[in-house]
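Chain identifiers are assigned alphabetically (A, B, ...) following the order of the sequence lines, protein sequences preceding nucleic acid strands; residue numbering begins at 1 within each chain. Treat the numbers as computed from the prediction; the structure is a model and nothing was measured.
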Number of protein chains: 2
Amino acid sequence: MALSIPKGTRDYSPAEMAKRNYIFDTIKNVFKLYGYLPIETPAMENLATLTGKYGDEGDKLLFRILNSGNYLKNLPGELFNEDEIPALTAKISEKGLRYDLTVPFARYVVQHRNEIVFPFKRYQIQPVWRADRPQRGRYREFFQCDADVVGSASLLNEAELLQMTDAIFAKLGIDVVIKLNNRKILAGAAELMGRSESLADITAAIDKIDKIGLDAVKGELAERGITPEQIAVLEPILLLSGDNGEKLDAIEKIFSAQQGAGLAGVAELRAIFDYVKELDISAPVELDLSLARGLNYYTGAIIEVKARSVEMGSVCGGGRYDNLTGVFGLKDVSGVGISFGADRIYDILTMLNLFPESSLRTASVLFANMGRREEIYSLRAVRALRSEGIAAEIYPDAAKLKKQMEYADKAGFLFVVIAGENEMASEKFLLKNMNDKSQRELCLSQLLEELKNPKAR
Amino acid sequence: MALSIPKGTRDYSPAEMAKRNYIFDTIKNVFKLYGYLPIETPAMENLATLTGKYGDEGDKLLFRILNSGNYLKNLPGELFNEDEIPALTAKISEKGLRYDLTVPFARYVVQHRNEIVFPFKRYQIQPVWRADRPQRGRYREFFQCDADVVGSASLLNEAELLQMTDAIFAKLGIDVVIKLNNRKILAGAAELMGRSESLADITAAIDKIDKIGLDAVKGELAERGITPEQIAVLEPILLLSGDNGEKLDAIEKIFSAQQGAGLAGVAELRAIFDYVKELDISAPVELDLSLARGLNYYTGAIIEVKARSVEMGSVCGGGRYDNLTGVFGLKDVSGVGISFGADRIYDILTMLNLFPESSLRTASVLFANMGRREEIYSLRAVRALRSEGIAAEIYPDAAKLKKQMEYADKAGFLFVVIAGENEMASEKFLLKNMNDKSQRELCLSQLLEELKNPKAR
């Protein structure tokens, strides 16, 4: 029998868990410092909640749960036909696995609106599932780490999300650049082009500029029916250069003919950059007028974070959405949020060798098992260590010492404690350091002192 | 549109998350102290891994994932028939959600046997899914907290699991009694009855003794074809009384005629009870010869833990299994493990009001927002607090102070800091304690000192 797990999913070994937990804990601790509170939602949602929220492409990528029991009951035979798959699927499955954390959060906010105190700052770290074609760096089960504020239109929220992002990457030791734009600027540009109705198409094309370059974006805009004259209006906006202030001045000048969405976007960006100055954000925050992000629900600020020292897509992204809860019947609740990609952060920390030593060690102190009487003697010391908060264990059998030392070595123990007849007679323990092979005879209180030292562990 | 989540699943609010995390952290910290290391496995497993491991009843309770794409391709029309549901299901779904953590762990051990260093001590805290009929206290998504050692037959493992269980419930403040039995004793009894081949039936009946009583168990045994003479052999074993030593002596006497599995079970129990004495376990550990536990894979020790002060099923259970990895092709790897039920523990802590104050508080310090200049002044203090590890936030808008105080009250903040014009002029902050309504004017360093005190938070 060939053992395997589904394509695109992963097992996490203790060594991988330690590294992943280092990432999750770093992110979580900063979220908490900023007053975000955790929630969790079920892995399964009703398909009525999920479908239609991620576009046709997204709907196809939902994992659907087959109904239990007699799921064919009262179904007409015509449905058993390859052309009827969408209709059949709707009849035989009512639940699906969550595709992201944003839609379940919007559902949560609306469902629990009477218990929630707004503004509501929540974080959520849970797996999501997508029936995508698995490939390097793309999984069918992966974790998202999201923080969102809903019920406040204040731009201080955007600024604090940037500050929080800066704090998280600083703690992880990853040099990043934070890119900022505003969907209203893109809307203003579409308005200027006389193509407000094509904002989604324009955004989708611009979104690829990093991957395919300006010329290809222009080609794609043309394919989507944007005329050369209209593209000529957009191009100088995408090409604006200078520092943030210069770019804002220039775009303001372009928009000043119209008093539409474009100018509102400029004003929002100015306010956010003012906060950025006050908040001592150490990573560069750059206005990038070509930053679009594909998700259609963004209506204001758009945020994207890239690592500076490695070639990799964005490690973090987010923005403001004015009406995400609207699809669930709750209008006028503005929100802004950010999502961290744990897998890419994991890959960057691995490539740059940035995992701290403490996140690489799993095992700590092993007591060798030298026989029945010695075992009882050692178990008392093990108990004393544990009650001091030191992880310790004893080899479960009185196997040959060589075998036990091999186990300690392979399992990555830093210390082995040996207590045989001689040590017992003098009420001592032999402490072996597996790194430098040094060893010392210590009494129990010395052993505790030595192993309590966090550096020793 | 009526918003809901699937029956038997739950959202967790920040208040519920805090309490759940208190339980998970308590369990996890003890697991770690005992040298158990975390792993995680995917939510989805191939159905080939899951089916046939939980009995027919369990197979029916698996949540199955509908295959993606054209799942009807090349399927004969005859399968679209209520009588063909099992065959159709096998064709249109290849993956299922995990039903417990034990089978995925056995699969993990076999799949990764070349990387694992044995004995391997792992813990795993993840949700599992069962398509059971939801009812009070029974959910379709719930969390299991498992610790297992594989690759060691030493009974010290059993003893350490008992010690660990004792430590966890002591930390949670729940008075428990730990019940112990050995599957070999039950096998010995079946042998004595001349019904070794009916061990599974006998065990399944005895398993219900707590719920339905001895008479009903005898009725069920009769229904399962056990003769009155055979039941008469079993009954005195189930009725044995006295302390653990007296029961062991009595059962040893009963078994001494045969040199079979029964005597081996007695010897194992004696060894475990010897360890229990050495290990200073504070909860009572009672030999319960009627303890059976339904799971067929147990072969040695059986453990079950009950709370003493509340009427509730077991809060924790486990045992030794000699050949769980055998179904996946890896023979002779003995394991022993224990599983904690987070939901029942949650209910008990709630009923007995045992959640510590620290696990009930979610929000901490709120700065009121008194206007643009004051906001900048407060943001510096917020930053200083956060860099000291104190969770703090500022109200995002300069709303009316009354509204902000209402928010602080409803969201459960213990402290509100106010800095208006007067405080700014004297470089002070007004710290309001929301519990006792007291307030003090402090400079930044005093504010930090005051809020760093863990009791204050």
Side-chain angles (χ1 to χ4, degrees), chain A residues 1 3-6 9-14 17 32-35 37-46 63-66 68 70 72-73 77 80 82 85 89 93 95 107-108 110-111 117 119 127 131 141 152 154 156-157 278-279 328-329 362 376 379 386 391-393 396-397 407 410-411, chain B residues 1 3-6 9-14 17 32-35 37-46 63-66 68 70 72-73 77 80 82 85 89 93 95 107-108 110-111 117 119 127 131 141 152 154 156-157 278-279 328-329 362 376 379 386 391-393 396-397 407 410-411:
Chain A
M1 171 179 184
L3 273 190
S4 64
I5 49 178
T9 69
R10 289 163 288 176
D11 282 327
Y12 297 101
S13 70
M17 286 294 292
K32 281 187 200 162
L33 282 180
Y34 281 73
L37 302 175
I39 70 160
E40 286 189 3
T41 60
M44 298 186 258
E45 294 273 354
N46 293 321
F63 277 112
R64 288 152 203 270
I65 314 266
L66 193 58
S68 303
N70 178 3
L72 293 183
K73 201 169 180 184
F80 199 68
E82 300 185 19
I85 285 210
T89 303
S93 76
K95 295 181 282 288
R107 192 267 311 146
Y108 178 97
V110 180
Q111 193 175 331
V117 190
E141 174 181 74
S152 162
S154 164
L156 179 54
N157 296 307
E278 300 287 354
L279 294 176
F328 297 119
T362 49
I376 297 297
L379 276 171
R386 287 174 181 160
E393 58 187 293
D397 298 284
Y407 166 78
K410 281 195 205 152
Chain B
M1 169 181 190
L3 275 189
S4 64
I5 49 178
T9 70
R10 289 162 289 175
D11 283 326
Y12 298 100
S13 70
M17 286 293 292
K32 281 187 199 163
L33 282 180
Y34 281 72
L37 301 174
I39 69 160
E40 286 188 3
T41 60
M44 297 186 257
E45 294 274 353
N46 293 321
F63 277 112
R64 289 153 202 268
I65 313 267
L66 193 58
S68 304
N70 178 2
L72 292 184
K73 203 171 178 181
F80 200 68
E82 299 184 20
I85 284 208
T89 303
S93 76
K95 294 181 283 290
R107 191 266 310 147
Y108 178 97
V110 180
Q111 193 175 330
V117 190
E141 173 182 74
S152 163
S154 163
L156 178 54
N157 296 306
E278 300 286 355
L279 294 176
F328 298 119
T362 51
I376 298 297
L379 276 170
R386 287 173 182 161
E393 59 186 291
D397 298 284
Y407 167 79
K410 281 195 206 152

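- For B/Arg386 (side chain) and A/Leu33 (main-chain N/O), a donor-acceptor pair under 3.5 Å exists by modelled atom type.
- No side-chain donor-acceptor contact under 3.5 Å links A/Glu45 to the backbone of B/Pro6.
- Heavy atoms closer than 4.5 Å to chain B are found in both the backbone and the side chain of A/Thr41.
- The distance from atom CG of B/Leu156 to atom CG of A/Asp397, rounded to the nearest 0.5 Å, is 8.5 Å.
- With respect to chain A, the highest number of heavy-atom pairs below 4.5 Å among B/Arg10, B/Gln111, B/Arg64 belongs to B/Gln111.
- Looking at A/Leu379, the atoms closer than 4.5 Å to chain B (heavy atoms on both sides) all sit in the side chain, from C-beta outward.
- Here the side chains of B/Arg107 and A/Leu3 are in contact, with some heavy-atom distance below 4.5 Å.
- The CD1 atom of A/Ile39 sits 12.5 Å away from the OH atom of B/Tyr12 when rounded to the nearest 0.5 Å.
- Across A/Ala131, A/Ala392, A/Pro14, A/Ser152, the residue that shares the most heavy-atom pairs under 4.5 angstrom with chain B is A/Pro14.
- Of the listed residues (A/Ser154, A/Ser68, A/Gly77, A/Ala411), the greatest number of heavy-atom pairs within a distance under 4.5 Å of chain B belongs to A/Ser154.
- Residue with the most contacts toward chain A among B/Asn157, B/Thr89, B/Asn46: B/Asn46 (heavy-atom pairs, distance under 4.5 Å).
- When all heavy atoms of B/Glu141 and A/Ala43 are compared, the closest pair comes out as OE2-N, 2.9 Å.
- The structure places OG1 of B/Thr9 at 6.5 Å from CE of A/Met44, a figure rounded to the nearest 0.5 Å.
- Within the model, atoms CG of B/Leu66 and CD1 of A/Ile85 stand 8.5 Å from one another, a figure rounded to the nearest 0.5 Å.
- Ranked by heavy-atom pairs shorter than 4.5 Å toward chain B, the options A/Leu37, A/Leu279, A/Ile65, A/Ile5 are led by A/Ile5.
- One distance of note links NZ of A/Lys95 with CZ of B/Phe63; it measures 5.0 Å at 0.5 Å rounding.
- Remark: side-chain polar atoms of B/Glu40 are not paired, donor with acceptor, to backbone N or O of A/Asp11 under 3.5 angstrom.
- Residues A/Asn70 and B/Glu82 come closest through the heavy atom pair ND2-OE1, 2.7 Å.
- The part of A/Ile376 that comes within reach of chain B is its side chain, from C-beta onward, which places non-hydrogen atoms under 4.5 angstrom from that chain.
- With hydrogens and angles disregarded, a donor-acceptor distance shorter than 3.5 Å links the side chain of A/Tyr407 to the backbone of B/Pro119.
- Across A/Pro38, A/Pro42, A/Gly35, the residue that shares the most heavy-atom pairs under 4.5 angstrom with chain B is A/Pro42.
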